Each structure stands twice: as C-alpha cells, then as structure tokens.
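When reading the values below, keep in mind they use all heavy atoms of this one structure, side chains included, and skip hydrogens, waters and symmetry mates. None of these values were measured; they are calculated from a predicted model.
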Protein chains: 2
Amino acid sequence: MKNLTKRQEEILNLIKTHILDLGFPPTRADIAKTLGFKSPNAAEQHLRAIEKKGFIKILSGASRGIVLNDSESDQIPVIGLVAAGGPILAEENIEKTIPKSNNLLSSDIDYYLRVKGDSMVDIGIFEEDLIGVSKSASTKIGSVVVARINNEVTVKTLIEMSQNKVVLRPENQNYNDIIINPKVDELAIEGSCVALLRESI
Amino acid sequence: MKNLTKRQEEILNLIKTHILDLGFPPTRADIAKTLGFKSPNAAEQHLRAIEKKGFIKILSGASRGIVLNDSESDQIPVIGLVAAGGPILAEENIEKTIPKSNNLLSSDIDYYLRVKGDSMVDIGIFEEDLIGVSKSASTKIGSVVVARINNEVTVKTLIEMSQNKVVLRPENQNYNDIIINPKVDELAIEGSCVALLRESI
DNA sequence: CAATATACTGTATATAATTACAGTAAAACT
DNA sequence: AGTTTTACTGTAATTATATACAGTATATTG
C-alpha cells in the first residue's frame, strides 16, 4: 500500500472524523467546503487517488459511498499456535483479528495470545483463554510475560532477571521454575500480559 | 423513550446492520427494497416515527442523514456491588458501561458482574474479574450461574435443581456446597456466566 | 366512537450528489 | 526533456435521494 501525500492524508482524516462525528461519510461537496476547494471535483480526484492507493473504496452511484478499508493498524490479531521459529505476529499464526474499536480492555494491547496448557492455572489463566499482550508495557519482576526460549513461546511469571540468570515461574505447583542462562539459551521477552478474555465459561 | 413497534425495530436494526456492513446509513429506497416496500415513502414514514420516539435523528436535506441516538442498549452495564434488596440492574449498582462488542465475546451478554471473593478460583474466576452474564442463556446443571439467595447475589456452579433442593457449589476446596430449599429460602437464578474479562493481570 | 397511530401504495418534484469533461499549473519521477 | 502525479478551477449532466402530497386499510387509544 503506497503512502498518501500530506493532502490526501488530510482528506482521509476528514472522512474518518466525519464518520466519527455524524455516522456517515462526507460528500464531495462537504470535503470541498471544509478544505476550501471551489470545485467538488477537487475532492473527487483526491478520493480517486486515495482509492488507487488502497485506503478507501468508492461505491459508484451511491451517495456518500466511501468505504474505509480496514487498515491493519485498527485490528488486533489473535494468535493461536505459534509456529516454531518465526515471529509471533507472522501471518500464519493469526487465528482472527478483532477491531480495536470493539476492544473493551486496555488500549495498549498489541495482540491476543491463546493460552495452551495449564501452567498458569494458579493465577486463573486457563487453557484456551486469550491473553492481552502489550509489547511496550514495562516487564517488571513479578509480572506475567510472554517469553520465547529457543524458539518456543511461553507465558510465565518473571521472577528474576540478571545478565546470566533469568527465572520464569509457572503458576502451577506441579511445575518447576524455568532457569535460563541467556548466554547459553536464546531468550526474548516478547511482551507483558495486561488483560485476559475467556470466551466461554 | 417510547417503545418501538416490531416493524420499527426491524427498520432500526436494518439501519444498524447497514452501518456495520458498509459504514453509512441506508437511503429510504434501500430500506424499502430490503423490506419489500413498493414506495420509499413507507420507509420515510417509519423513520419519522422512529425519530419521534427518540431513537434516531434525521438530518434534513442530507442524503443518508440518519444519526443513531446513543441508546443505552448498545452499552453493557458493569455491575459492582449489588445493593441488598433491589434488582441487580438498578441504577445505583452500575459501576460503568462498556460498548457492546460484536466480535469479541458472546453477543448474548446482558451485563458484566464484578466478582467479589475467592469462591470460584478453582475454575479461574478471581476477585475483581468481570463475568459476562446472560439472562436468556439456559441454566443447565453444571453451568456457572448468578444466583440470588435471600437478597444476596452470588456466583456459583449449579449442581442440582429440583423442587425442594438446589445445590450450588463454590469452586474452591475451602468452601462447602450451598444447599437450599426454595420453599424455605428465597432463590432466583438471575443468569448464566458466558464469558470473563480480566482488566489487569 | 372518534381521534390517533401504524403500515403501507403511488406519484411527483426539488434538490443533493456523483461524476464526466475541459482546463491550468507546479512538482516529482523516469 | 517528457511523462506522470499532484492539486486544483469551472461547468454541466445524469442520477440518487429526500420529501411533500394524496390515498387505503387496520389497529390502538382516549
């Protein structure tokens, strides 16, 4: 998807704002009036350009027939099984996506991860639950993190983190702490768990 | 706000669906075509009636100028502490409301209830969690229900239900089953738990 | 039992809106 | 240097849309 020019972006924002304010897209004349064009055709041609670049779709013959193409930035992916090796957010891991506007929880969620196994049941994280993961939230000691150890993704509580020792604790008395030497094993903290969804009880 | 007739409700839903699908409201002709009216005026008059009852606003002169009035029905209330005596959904119990989400969780959630206590931790329901409650979902044996016993609201698993014996089980080994005789104690099953939200981990 | 609300058909018209065509001018590629 | 893209003005035709007016019929309410 090509980049929009400054003016085109301005028009796309105007459309979004109009929809947010009134609930329906503007007409060519509305756009022209707002931006001071003396001809509705100026708006028309901008719309065609924006459509060509893939950001909107113009429904011909319909008044206000401007459809916003769901940009991926407005969708939060739900990650099912993470294929070994690749990045978590790789296409093949995305089970579905949830529109951000429908998100009831923290706005800081980058993706949802479907929980496998019972290693976190003691703090109420069950198999099939969806965990809201934030990549930017600070990973403090004691927080629940998404970690990748030698290409395997896991959700655990972060207990200790120093240069040559990282301790990840399963919240289930049947499991033992995972102790990693980052100099020996490959370790990456992918994000912090900030919310939880259970779709059926 | 007066109640809509069946037909009017049908039209309001059509408008909402149209907006959800395409991003803008339908025209009178669209409505007429969808519902099989032979005159766009039929749609026009329905719209006027729906506006009169306060559910929409019609912007005169604007094509597709139908604005949905934020009806409370699009918001799901979050119930904090339930005051003894009154109905669960009483105004004073509503902690906040959250917009109804279509894709995220079951569309059948009437309200969220904030969990107090630790009686359900064994199945991953923790204090401060929000439970999505459906009033209409069938209350089967084995399902987690919201029950009111002598004016106190509680969340438990329904184990047995007969004319003179109802058994509610806390999912926590430190608690005992609650055995009620509905002929002695006042008991009402308010709904079933169909989803769960945890706003922070 | 009359008035009002509901639920439409049918026709007509003003206006709202899309959209095509003909230009101008500057900037950005190729 | 020539073509394409961007960014508009200006005009006009066609179509889309709202909306008024005139009816019909049944149901509901005061």
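Not a single donor-acceptor pair under 3.5 Å links the side chain of Lys135(B) to the backbone N or O of Glu190(B).
Exactly one residue among Ile179(B), Ile178(B), Leu168(B), Val167(B) makes a side-chain contact (heavy atoms from CB on, under 4.5 Å) with Ile159(B). That residue is Val167(B). Checked options Asp129(A), Leu197(A), Leu196(A); the residue passing with Leu196(B) is Leu196(A) (criterion: side-chain contact (heavy atoms from CB on, under 4.5 Å)).
In this structure, CD1 of Ile11(B) is placed 10 Å from C1' of dC8(C), rounded to the nearest angstrom. Rounded to whole Å, atom P of dA18(D) lies 12 Å from atom CD1 of Ile56(B). In this structure, CG of Leu12(B) is placed 17 Å from C1' of dT6(C), rounded to the nearest angstrom. One atom, CG of Leu59(B), and another, C1' of dT19(D), lie 15 Å apart when rounded to the nearest Å.
Contacts with DNA chain D (heavy atom under 4.0 Å) in residues 30-48 of chain B: Pro40(B), Asn41(B), Glu44(B), Arg48(B), listed by number.
The 12-atom threshold is exceeded at CD of Glu160(A), counting heavy atoms of other residues, nucleotides or ligands nearer than 6.0 Å.
Proximity of Arg28(A) to the phosphate of dA17(C): no side-chain N or O atom is located under 4.0 Å from OP1 or OP2. In terms of phosphate contacts, Arg7(B) brings no side-chain nitrogen or oxygen within less than 4.0 Å of OP1 or OP2 of dT6(C). Side-chain nitrogen and oxygen atoms of Arg64(B) include none within less than 4.0 Å of the OP1 or OP2 phosphate oxygen of dA17(C).
Nearest to the side chain of Ser63(A), among dT19(C), dA17(C), dA7(C), sits dA17(C).
Comparing Ala62(B) and Thr5(B) along DNA chain C, the residue whose closest nucleotide (by nearest heavy atom) sits nearer the 5' end is Thr5(B).
Screening residues 56-68 of chain A for side chain to side chain donor-acceptor pair (under 3.5 Å) gives Asp30(A)-Arg64(A), Ser63(A)-Ser63(B), Ser63(A)-Arg64(B), Arg64(A)-Ser63(B) as the qualifying pairs, with residues at least two apart or on separate chains.
Remark: Phe37(B) pairs with His46(B) by the ring-ring contact (aromatic ring centres under 6.0 Å, His included) rule, at least two apart or across chains.
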